[in-house]
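Within every chain, numbering begins at 1; the chains are lettered A, B, ... in the order of the sequence lines, protein sequences first and strands thereafter.
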There are 2 protein chains.
Amino acid sequence: MPSTADEIAANLRTQIQRGELQPGDRLPGIETLAERYSVNRQTARQALNQLKAEGLAESPGGRAGTIVRQRPTTRLVRSRNIERDHLGYYSGPTVQHWRTIQGLGLAIDTRPVPADVAELLGITPGTLVLLRERANGDPEQPQYRQLAASWFHPDIVEDVPVLAGGTGLGGSYDRIEEWAQQPLQWEEEVTAATPNPAEAETLLLPPGVPMLRILRVASLGRGSKARVVEVQDIRMSGELFSVRYPLQRRGAARWPVQPSTGDYYSAGSQP
Amino acid sequence: MPSTADEIAANLRTQIQRGELQPGDRLPGIETLAERYSVNRQTARQALNQLKAEGLAESPGGRAGTIVRQRPTTRLVRSRNIERDHLGYYSGPTVQHWRTIQGLGLAIDTRPVPADVAELLGITPGTLVLLRERANGDPEQPQYRQLAASWFHPDIVEDVPVLAGGTGLGGSYDRIEEWAQQPLQWEEEVTAATPNPAEAETLLLPPGVPMLRILRVASLGRGSKARVVEVQDIRMSGELFSVRYPLQRRGAARWPVQPSTGDYYSAGSQP
DNA sequence: TAGTGGTCTAGACCACGGC
DNA sequence: CCGTGGTCTAGACCACTAT
C-alpha cells in the first residue's frame, strides 16, 4: 500500500513520542522505508527530513544511519540580574567568565536596522545604524555560546562618538554612563526565532533547534523622559538556555485569597 | 553556470536582508530560477523551501507565487505577575479575558511524561502521569492563542483526587490550595522549541516560526521542604509573544558604580 | 570496501486560486 | 482557464564513515 511522506513521518513521530524508539535508537533507513511503504526513495527520505526539521532525528553521517536525537533536559539558566566585576557589567553568574569567541562574526559596522529592533529604538526601519556584533561563550564548555548584536541609537553615537571605535575597559555601557553621569536601566524581552544558516553555524545549532532571542533595551532616565540608547539582540540555543523568574502575586492573588464566584461554564484559562 | 540550492537560497536571503526585496514582494518563481541558474526545477524549488523553513518567504497558493513574508514587529507581552478575578488565577492582564478554544486538543489523560518535564517534577522520565491539556486564546483576536499542558505530580493526584475529573470553579490551583491550606508558588522557565505538525496547526503557525515555551512549576512550601505539584507546559507563537522584565542591579552594579580595573585585552562579553 | 544518507536531473500529475 | 507551487517516481552520482 503506497503512502505519503507525511504519513510515514507521522508513524515514526508517534513511535518516538510514545517512547518505543529511544534517543540513540536507529530509525528504519531510507531503503527500508521505501520498501515497507512501497514508495520511492525520495519520498522515504522526505519523511525522515521532516523529523530532522523538528529536531527529533539526526543523521550523523557515514554508515550510522538516522537515529533518534538525544535532547538535553537541563538548561543553562539566565537570571534577570545585572552584576559587575572588575571588567564591567555582566548579566548573572552564568556568563561572568564568558569571553569573546575570536574569529566569529565580529563586526563594527553601519547596517540597516531590522524592523523589530527599529521599533524598540523608536526609529524608522531600514535606517543605517551603528552595530557592534560579537560571539561570546564559555571557554570551557564551548557549546554554551551566544551571538550579541548591539544597535546604538543614532543620537547617542553623536553624543558619545567613541562608541564607533574601541570602547575600552567596561565597554560601551561604562562610556555611556560616564558621559551621562547617571545610571543606565535595562529591560529584556524574550522571544523565539528561527536561525539562518550563519547563525546556526556560529551557535552550533543542529537542524530543528530554534533560538532563544533576548532583546535588551538600555535606556537613560525614567518615565516619559526615558531615552533608549541601545538595543542588544542576543541569540542562543533554545535547547541549551532558559530564562527563569518567580511569579509574583498581585492584587486579589495575594494570600489569603477569596474564593472564586464566577460562572463555572464561562471559566477561562485555569487548568 | 549551474549552481546549488544552497547558493541560490543564499542569494535570495541576502536580497531580503538588505531590504532589496520588501515584505509582500514577489520572489522569482521556480521556473525563472531554474532557467536563470541553469538548474532543475526541483533544485530551484529546494532553494525556495529553505527560505520558507526560515520564515522568510511563503507561498499563499494559486497563482500568487512565492513572496517575502511580513513578520510582526510588535508582540503580545506576558508579565511575570499572577493575578486573580472572580474566575480564579490568571497571569497578567493580557490573558485575563482569554477562554478555552473548544474542540482543540482538549484532553484529560494519563501519558508518559517527557524528559524535561520529568526533570522538573523530580520523577523518572516516561512515568505515566496525569495530564490536562487545552488550548486558550483571545476570543476577539484568534491568532493570539496558546497550548497549555498541565502535568500533575503523582503524589498530589493521590492527595487531591478531584484533579483527575472536573475541577470546577477556580480550577486545579484552587483545589490544591483548599486541600493544602497554604499558598502555591510559581516559577517560570522560558525556552524555545520547534512545533510538531499538530502544534503548528493548533497555534496557526506558518512554516519557519518556532514556539516560545514556558515551563511553569507550581509548588507548595518553601526551601528544602518545597514540593512540586504541577508543571505546566505552555506553548505559543515565538513571533507573536514575548516575556518582558526589568533587569535588577545587584552587588557592585548598584549605582554609583566603581570604575572597572581589569585588563583590557581579557575583556569579556561587554558590548 | 560496503552501506548509509545527500544532491541533482528529469518528467508526470495534481491542487489551488487570480484572471 | 492557466500559471503557480506541491508531490511523487526514477535513476545517476557523490561523500562519509564504520566495519
Asker: Using the closest heavy atom to pick a nucleotide of DNA chain D for each, name whichever of A:Gln42 or B:Gln42 lands nearer the 5' end.
Answerer: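 Its nucleotide being nearer the 5' end, the pick is B:Gln42.
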
Asker: What integer distance in Å separates A:Gln50:CD from D:dC8:C1'?
Answerer: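 From A:Gln50 CD to D:dC8 C1': 14 Å.
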
Asker: In whole Å, what is the span from the CG atom of A:Asn49 to the C1' atom of C:dG5?
Answerer: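 So the CG-C1' distance, A:Asn49 to C:dG5, works out to 10 Å.
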
Asker: Between the side chains of B:Glu188 and A:Tyr245, does any donor sit under 3.5 Å from an acceptor?
Answerer: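 B:Glu188 vs A:Tyr245: donor-acceptor pair found between side chains.
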
Asker: Identify which nucleotide among C:dG5, C:dT9, C:dT4 has an atom closest to any side-chain atom of A:Arg26, counting heavy atoms from C-beta outward.
Answerer: C:dT4

Asker: If we ignore angles and hydrogens, is there a donor and acceptor under 3.5 Å between the side chains of B:Thr191 and A:Ser242?
Answerer: no

Asker: Is the distance from OP1 or OP2 of D:dC8 to the nearest side-chain N or O of A:Thr43 less than 4.0 Å?
Answerer: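 Checking A:Thr43 against D:dC8: no side-chain N or O falls below 4.0 Å of OP1 or OP2.
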
Asker: If you only use heavy atoms from C-beta on, which nucleotide in D:dT9, C:dT7, C:dT4 is closest to the side chain of A:Asn40?
Answerer: D:dT9

Asker: Can you figure out which of D:dT19, C:dT9, C:dG6 approaches the side chain of A:Arg63 most closely?
Answerer: D:dT19

Asker: Return the value, rounded to whole Å, for the distance between atom CD of A:Gln46 and atom P of D:dC8.
Answerer: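 So the CD-P distance, A:Gln46 to D:dC8, works out to 8 Å.
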
Asker: In whole Å, what is the span from the NZ atom of B:Lys52 to the P atom of D:dG5?
Answerer: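 That distance rounds to 8 Å.
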
Asker: Classify the side-chain pair A:Gln146/A:Arg78 by whether it contains a donor and acceptor separated by less than 3.5 Å.
Answerer: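 The criterion, which ignores hydrogens and geometry beyond distance, is satisfied for A:Arg78 and A:Gln146.
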
Asker: Please compare A:Ala44 and A:Gly61 by the position of their nearest nucleotide in DNA chain D and report the one closer to 5'.
Answerer: A:Ala44

Asker: Between atom CD1 in A:Ile67 and atom P in D:dA18, what is the gap in whole Å?
Answerer: 11 Å

Asker: Would you classify B:Ala64 as touching base, sugar-phosphate or nothing, given that sugar-phosphate means primed atoms plus P, OP1 and OP2, and contacts are heavy atoms under 4.0 Å?
Answerer: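 Touches nothing.
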
Asker: Output the rounded distance in Å from CD (B:Glu7) to C1' (C:dG6).
Answerer: 15 Å

Asker: Looking at the side chain of A:Arg45, which of D:dG5, D:dG6, C:dT7 is the nearest nucleotide?
Answerer: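 Per side-chain heavy atoms of A:Arg45, the pick is C:dT7.
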
Asker: Could you please name the option among C:dG6, D:dG6, C:dC8 that lies closest to any side-chain atom of B:Thr4?
Answerer: C:dC8

Asker: Check the distance between D:dG5's C1' and B:Glu58's CD and give it to me in whole angstrom.
Answerer: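 In whole Å, D:dG5 C1' lies 13 Å from B:Glu58 CD.
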
Asker: What verdict does the salt bridge (Lys or Arg N to Asp or Glu O under 4.0 Å) test give for A:Glu239 and A:Arg75, after you've listed the backbone C-alpha separation in whole Å, the side-chain angles of each residue and the deciding distance to 0.1 Å?
Answerer: CA-CA 7 Å; A:Glu239 215 173 46; A:Arg75 303 180 180 89; over 6 Å; no

Asker: To the nearest Å, give me how far apart CG (A:Leu33) and P (C:dT4) are.
Answerer: 12 Å

Asker: Could A:Glu230 and A:Arg216 be called an ion pair, given the rule that one side-chain N must be under 4.0 Å from one carboxylate O?
Answerer: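 Salt bridge: no.
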
